[in-house]
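Okay, so here's the structure we're looking at.
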Amino acid sequence: MIIPLLMVNFFIMLAAAFGVGFWLATKHRASWELWAIGAGTFIASQFGHIPFNLLIDQLNLLPTNDLATNNINLLITAIFLGLSAGLFEETARYITFRWVRPQARSWTAGMMIGAGHGGVEALLISLAALIGIINAVIITLGDVAALLPADQIALVQDTLNSMAWYELILGGIERVFAVTCHLAFSLIVMQVFRRGQIRWLFVAIAGHTILNAAAVIGSQRLTPLETELIICFFAFLSFVLIISWRDQTDPTTTTDPESSPLTTPLTANDVNLPTNHDKIEHSRYHD
């Protein structure tokens, strides 16, 4: 059952990568160009994010020792990793909405850009998972004695055999949660321009930081299932936010009863003004 479950995990990741995009394209006629822009936003953010993290690691500025037992070291490392991800990814999102796609201000557009941002990340991880499946098949079914040492083969086999069935598909489920969070972060950053308040960018950075920091801490102190339950909680909050903002449309096309043009001109009978007898008495048109 190991290989079939790993395949299920792979297809869940693919669904997470493209599912929301297909729904938005068919249900709301969203452009796949927006998905591609969101994907490019994530990739561009990594050109700064990954080198920055590597530089910090090479300079030994993080207390990465004894993370499994040292609470302070774990907390510092988790906050740094979460903050670096939040800063680079949410700033990249801000740049996208500010300069790359300044006309994207509707719920549908924000969702499609978020679907691309989280979707391409899920796609890249699914490709890594596919490589893992190929390796698992080779190790499980093939003769790899000439390729790998016996102790490494035994370690991989023991690891796979010791995992509960649900642990084999947790990676795919995590991508579903992560994409949901990316959709919400995209909508949050878009509020900077819809509401004219820069604070929404910092809200997105803070939320991204807390989410990633919680995942890092969970990976060190909790079981995989417990960690995914924490991520599921953040995905639930993101889903609530997505639904609550669903009626947002592009402010440049929103119909405002107070600002929409009159369909018919006003006549004298339509204007109901109070009668002022003093003014009538002093009017030069009064006989």
Side-chain angles (χ1 to χ4, degrees), residues 6 9-10 12-13 15-17 20 38 41-43 45-46 48-50 52-54 56-57 61-93 114-115 117-129 132 159 163-164 166-189 202-242:
L6 291 177
N9 183 66
F10 169 72
I12 293 176
M13 289 183 179
V20 177
T41 299
F42 172 79
I43 294 172
S45 71
Q46 300 311 302
H49 181 206
I50 295 175
F52 177 74
N53 282 2
L54 291 175
I56 297 299
D57 182 62
L61 298 179
L62 280 179
T64 55
N65 296 327
D66 302 323
L67 296 183
T69 57
N70 191 308
N71 293 332
I72 300 300
N73 287 358
L74 176 59
L75 182 61
I76 293 174
T77 301
I79 292 176
F80 167 79
L81 293 176
L83 183 58
S84 67
L87 279 172
F88 281 97
E89 291 191 40
E90 303 312 322
T91 300
R93 253 189 269 259
H117 190 116
V120 74
E121 182 183 31
L123 178 61
L124 294 174
I125 294 176
S126 71
L127 295 177
T159 300
M163 294 176 68
Y166 57 83
E167 292 181 313
L168 296 171
I169 61 173
L170 280 181
I173 295 173
E174 180 183 283
R175 284 305 96 199
V176 174
F177 296 155
V179 169
T180 304
C181 292
H182 278 299
L183 296 173
F185 290 144
S186 181
L187 293 178
I188 290 172
V189 174
F202 299 108
V203 170
I205 292 173
H208 204 138
T209 298
I210 295 171
L211 170 62
N212 282 31
V216 172
I217 293 174
S219 68
Q220 295 294 322
R221 300 298 174 84
L222 303 175
T223 65
L225 181 59
E226 291 170 339
T227 302
E228 295 309 318
L229 289 176
I230 293 175
I231 300 175
C232 177
F233 173 73
F234 283 96
F236 172 76
L237 295 180
S238 298
F239 181 77
V240 171
L241 184 145
I242 291 168

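- Using a distance-only test at 3.5 Å, with no hydrogens or angles considered, no donor-acceptor pair links the side chain of S186 to the main chain of L183.
- Looking only at atom types and distance, the side chain of H49 has a donor-acceptor partner in the side chain of S84 under 3.5 Å away.
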Exercise for review: Begin from the C-alpha positions of C181 and L211 and carry the test side-chain contact (heavy atoms from CB on, under 4.5 Å) through to its verdict.
Suggested key: CA-CA 9 Å; C181 292; L211 170 62; 3.8 Å; yes
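- Nearest heavy atoms, A214 versus I230: CB-CG2, 4.0 Å.
- N9 contributes atom CG, which lies 8.0 Å from atom CG of L170 (distance to the nearest 0.5 angstrom).
- To the nearest 0.5 Å, atom CG of residue L241 and atom CG of residue L187 are 6.5 Å apart.
- The two residues A235 and T180 have their closest heavy-atom pair at O-CG2, 3.5 Å.
- With E167 contributing its side chain and A164 its backbone, the two residues share a donor-acceptor pair below 3.5 Å.
- Nearest heavy-atom pair across V189 and A204 is CG2-CB, 3.6 Å.
- Minimum heavy-atom separation, M13 to A129: SD-CB, 3.9 Å.
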Practice item. Could you walk me through whether F80 and N53 pass side-chain contact (heavy atoms from CB on, under 4.5 Å), step by step? Key: CA-CA 9 Å; F80 167 79; N53 282 2; 3.7 Å; yes
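- Using a 4.5 Å heavy-atom threshold, the side chains of L87 and F52 count as separate.
- Relative orientation of the H117 and H182 rings is tilted, given thresholds of 30° and 60° on the angle between their planes.
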Exercise for review: Just do the side-chain contact (heavy atoms from CB on, under 4.5 Å) check on I12 and R175 with the steps written out, would you?
Suggested key: CA-CA 8 Å; I12 293 176; R175 284 305 96 199; over 6 Å; no
Practice item. Please report the C-alpha distance between T227 and I217 in whole Å, then the side-chain angles of each, then the deciding distance to 0.1 Å, and finally whether the side-chain contact (heavy atoms from CB on, under 4.5 Å) criterion is met. Key: CA-CA 8 Å; T227 302; I217 293 174; over 6 Å; no
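- Remark: side-chain polar atoms of N73 are not paired, donor with acceptor, to backbone N or O of L67 under 3.5 angstrom.
- With sequence neighbours left out, the side-chain contact (heavy atoms from CB on, under 4.5 Å) criterion links I43 to F47, V120.
- For the atom pair CG of L6 and CG of L168, the computed distance is 5.0 Å after rounding to the nearest 0.5 Å.
- Looking at every heavy atom in both residues, N212 comes nearest to G82 through CB-CA, 3.5 Å.
- Rounding to the nearest 0.5 Å gives a distance of 15.0 Å between CZ of F88 and OG1 of T41.
- In this structure, E226 does not pair ionically with R221, as no charged nitrogen and carboxylate oxygen lie closer than 4.0 Å.
- Among the candidates L75, I76, L81, the single residue satisfying the side chain to side chain contact (heavy atoms under 4.5 Å, CB included) test with I79 is L75.
- Taking CZ of F177 as the start and CZ of F239 as the end, the distance is 12.5 Å to the nearest 0.5 Å.
- Here CG of N65 is found 9.0 Å from OG1 of T77. Values are rounded to the nearest 0.5 Å.
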